[in-house]
Structure formats: C-alpha cells, structure tokens
There are 2 protein chains.
Amino acid sequence: MVRGDAREEVLLPAALKLFARHGVSGTSLQMIADELGVSKAAVYHHHHTKESIVLAVLWPAFEQVAALVERVGSLPAGGARRRALVEGLAEQAVTHRQLYAVMLRDVAVPALVASEPRLAAPFAVLRRELQPDHEPATAPLRVAMFLAGLVAPAGDPEIAQLSDEQLRRGIVDVGERLLDLG
Amino acid sequence: MVRGDAREEVLLPAALKLFARHGVSGTSLQMIADELGVSKAAVYHHHHTKESIVLAVLWPAFEQVAALVERVGSLPAGGARRRALVEGLAEQAVTHRQLYAVMLRDVAVPALVASEPRLAAPFAVLRRELQPDHEPATAPLRVAMFLAGLVAPAGDPEIAQLSDEQLRRGIVDVGERLLDLG
DNA sequence: GTCTATATAAAGATAGAC
DNA sequence: GTCTATCTTTATATAGAC
C-alpha cells in the first residue's frame, strides 16, 4: 500500500471494498483511512461526513439502474422490456459485484435511500417493470427474489470463481425462469 | 413498554427486531437496553458480550436448518429430497422472517459462523443437497440465488403484506423453477 | 436482577500546523 | 492535501450499591 493518497478515485474503491466485506455500519472512517494509508483527517478533507462517502460510493450504481430503466423505456412493454432489464442488470451486477452487493444487500442502504428521494425512484420503476403480467399475487415476490438473488455471488466463494460470462448467463437464466421473459 | 424486564425470552426477540432493522453492526447494546426499558448493565447481567447475544438470537435458526437437513436424510437423494428441503426452508423462513433475514443477509454473520464451526456444517450440507444434478457449472449459482431470495420478503413492504401461506407457496414455486424439484 | 457510576476504547468530526 | 492533536459522543464492558 502506497501511503498518502486519498484522492476520490482511490478512496471510493477502498471504501467500497470495506463496505462489501464489513457492511456500511461495520466500516469506520479509521478503517478507510488505514486502508488508504492516510489519517482520518485526510479522509475528512475529501468528505465531511461518512454518509457523504456512502452516497458517493453508491451513486454510480443507482445512476446505472436509472439509465437502464430509461434506456429500455423505448422497448414495447412486457416480455421484451423485462428481458432487456434482466440482461442489463445481470451485466451490471456481474461487472460491479461489490457495488451491487452493497446496494441491494446492506441494511444501511434503505435509510440512505429514504433520505435521498432521487435514489428511490429508479428502483420503484424497476420493480414495477420487472413484474410478469399474470400471477398478480406472487409477482412482486418473484421480482424481489430475483433482485435479492442478483447479489448471491457476493458472499459465496464457490460462485466468486465463475467467470463474468458464466455468471451473467446464469443470472439471465434465473431471470427467465422467474420473470416470464418474452 | 413495560420497564425492567431483560429476561431471555424478552431480550432475544427485542434484539432480533433491532438486528433485522439496523443490522447486527448497526445495533448497540444501548439500543437493546432502550428497547427493553432497562439499563445496559441489566443487559450485561444476562449476556457478557454482544457476540453472546447475537449467537443466542441466531442459534435456533441454525439448529432448525440442521434439523431439516437431518430430517430429509432419510428421503431418496435427488428431486424428492430437494423438494423436502425447499418446502421446509420456505415454512421456516416464512414463520421466522426476521430471524432468517438476519441469518442469510447480514454481513456480520459470516464472521460469526467462522468463529463457531458448529454453525457452518449444516449450511454446507444444505447447499450441496439443494444442487440440481445436471448443469454442473451454474448449479451453485441457482442454489445461492434461491437462498438469497428466501429472505427477499424482509425489506419489501409490498411482500410483507402477503399471508404466510401465499408467501410459502410463492417461495416453493420459485424453488421449483430454480432447483429441478422431483 | 436491576440500578448508577465509571473505566476504556473507538467512533465521528474539527482545528490548526506544515 | 496531509499531518498531529484534540473534542465530543458513543461504544463495549465492569464495579459496587440496592
């Protein structure tokens, strides 16, 4: 570890790594500073609160989801749009495994989302758009189980060994089975 | 809240409620004491460490999984056994939603499991037994996505409204789709 | 079996020197 | 832009009175 570098492009990945391993609540600014080889004060120079760091780390993930939802809006509603959402989510979740794991799994995130209305909107749309047309009662359950399963790779060492392509295809396959893709 | 009651049968449900809402790392002994209406010292009279409380809260869930795995051992290996596991897990996860959510979702739990080998064994067996026979590459992924999805109800208010029976059937349905039940 | 009070460490956060 | 030093609060944990 090279000492004395708390630039944004180094700080945020370090924080993400710790959030993924210990959770947001289980990660202190001291741990982030140690990971970077700097003092806590150096971290505070870039972000005046811990919440600011959490938000900066997660923001790109929420933006990606929002962009995906926006992008598939031009497709016909129904199976085709659901398939595009599933494929897009699989691609993003595989490419940014830790980021999506924190966003979808960490119990501290709902509170953050509640404090930032801009974060909530994309997921509300996503959940609605992913629902199969029939099976009204259990459709939300299928969507929730798919989204929860999306981050299954995070903790499992056996799955961590899968290639991006294997994992992406596996996730899409599960999406097909749960969400009646067209 | 009646004041002055930190008996085990009151303490553990209160702790579980807080663990489910704020995560294990996000829950302090002060929060537990406040929830019970007693002082921190009263809590420490029953459990000398926080880890002791976490273990006492989660132990029944791990025991249930172990008992389930043990119970299905008499069934023929394969689809029939997988179905029994899925039905048993669905039943337990629905009945003890918060407990299973903490056990399967909280990032602090893997560290706890690592420190208590007796906790790890049942899940290793469970994961192995749940795997469909074919599809060797993505079978562990299907299992992991099912287990992660098992606790999807925890955070979603829309799903929290489902009855136990609706939820149980929905989970079994997803298990059927992912795990090639016989 | 609970309380108040306290010890000790670590948390989030700031001030001011370099 | 980072440092040391410090502040304040909160964390885990203990001692001893009731």
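Letters A, B, ... are given to chains in the order of the sequence lines, protein chains preceding strands, and every chain is numbered from 1. Scope of the values below: all heavy atoms of this structure, side chains included, with no hydrogens, waters or symmetry mates. All values derive from a computational prediction rather than experimental measurement.
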Query raised in the report: Which ones in residues 21-32 of chain B lie close to DNA chain C, meaning a heavy atom under 4.0 Å from one of its atoms?
Result: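 Result for residues 21-32 of chain B: none.
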Query raised in the report: Of the residues in residues 46-55 of chain A, which ones touch DNA chain C at a heavy-atom distance under 4.0 Å?
Result: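 Result for residues 46-55 of chain A: A:His48, A:Thr49, A:Lys50, sorted by number.
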Query raised in the report: Do NZ/NE/NH1/NH2 and the carboxylate oxygens of A:Arg177 and A:Asp173 come within less than 4.0 Å?
Result: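 Yes.
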Query raised in the report: Is the closest basic N to carboxylate O distance between A:Asp164 and A:Arg97 below 4.0 Å?
Result: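 Yes.
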Query raised in the report: Should A:Leu55 and A:Leu119 count as side-chain neighbours, where that means a heavy-atom distance under 4.5 Å?
Result: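 In contact.
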So does [X] have more than 12 non-hydrogen atoms from other groups sitting under 6.0 Å from [atom1]?
| X | atom1 | answer |
| --- | --- | --- |
| A:Glu51 | CD | no |
| A:Gln30 | CD | yes |
| B:Glu63 | CD | yes |

Requested in this report: When you get a sec, tell me which of C:dG12, D:dT2, D:dA15 is the closest nucleotide to the side chain of A:Lys40?
Outcome: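 In terms of side-chain proximity for A:Lys40, the closest of C:dG12, D:dT2, D:dA15 is C:dG12.
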Query raised in the report: Can you tell me how far P of C:dG1 sits from CG of B:Leu11, to the nearest Å?
Result: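 For the pair B:Leu11 CG and C:dG1 P, the rounded distance is 12 Å.
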Query raised in the report: Atom NE2 of B:His45 to atom C1' of D:dA17: distance rounded to whole Å?
Result: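 Between C1' of D:dA17 and NE2 of B:His45: 14 Å.
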Query raised in the report: Between B:Ser39 and C:dT2, is there a side-chain N or O to OP1/OP2 distance below 4.0 Å?
Result: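 The answer is no; no side-chain N or O of B:Ser39 sits under 4.0 Å from OP1 or OP2.
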Query raised in the report: Do any side-chain nitrogens or oxygens of A:Tyr44 fall under 4.0 Å of OP1 or OP2 in C:dA13?
Result: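 For C:dA13, OP1/OP2 do have a side-chain N/O of A:Tyr44 under 4.0 Å.
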Query raised in the report: Atom CG of B:Leu16 and atom CD of B:Gln98: how far apart are they, to the nearest 0.5 Å?
Result: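 The CD atom of B:Gln98 is 5.0 Å from CG of B:Leu16, to the nearest 0.5 Å.
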Could you give the side-chain donor-acceptor pairs of residues 71-85 of chain A under 3.5 Å, partners two or more places apart or in another chain?
from, atom 1, to, atom 2, distance (Å)
A:Ser74, OG, A:Arg71, O, 3.4
A:Arg81, NE, A:Val72, O, 3.4
A:Arg81, NE, A:Leu75, O, 3.2
A:Arg81, NH1, A:Glu129, OE1, 3.1
A:Arg81, NH1, A:Glu129, OE2, 3.0
A:Arg81, NH2, A:Gly73, O, 3.4
A:Arg81, NH2, A:Leu75, O, 2.8
A:Arg82, NE, A:Leu179, O, 2.8
A:Arg82, NH2, A:Asp180, O, 2.8
A:Arg83, NE, A:Gly182, O, 3.3
A:Arg83, NH1, A:Glu87, OE2, 3.1
A:Arg83, NH1, A:Glu176, OE2, 3.3
A:Arg83, NH2, A:Glu176, OE2, 2.6

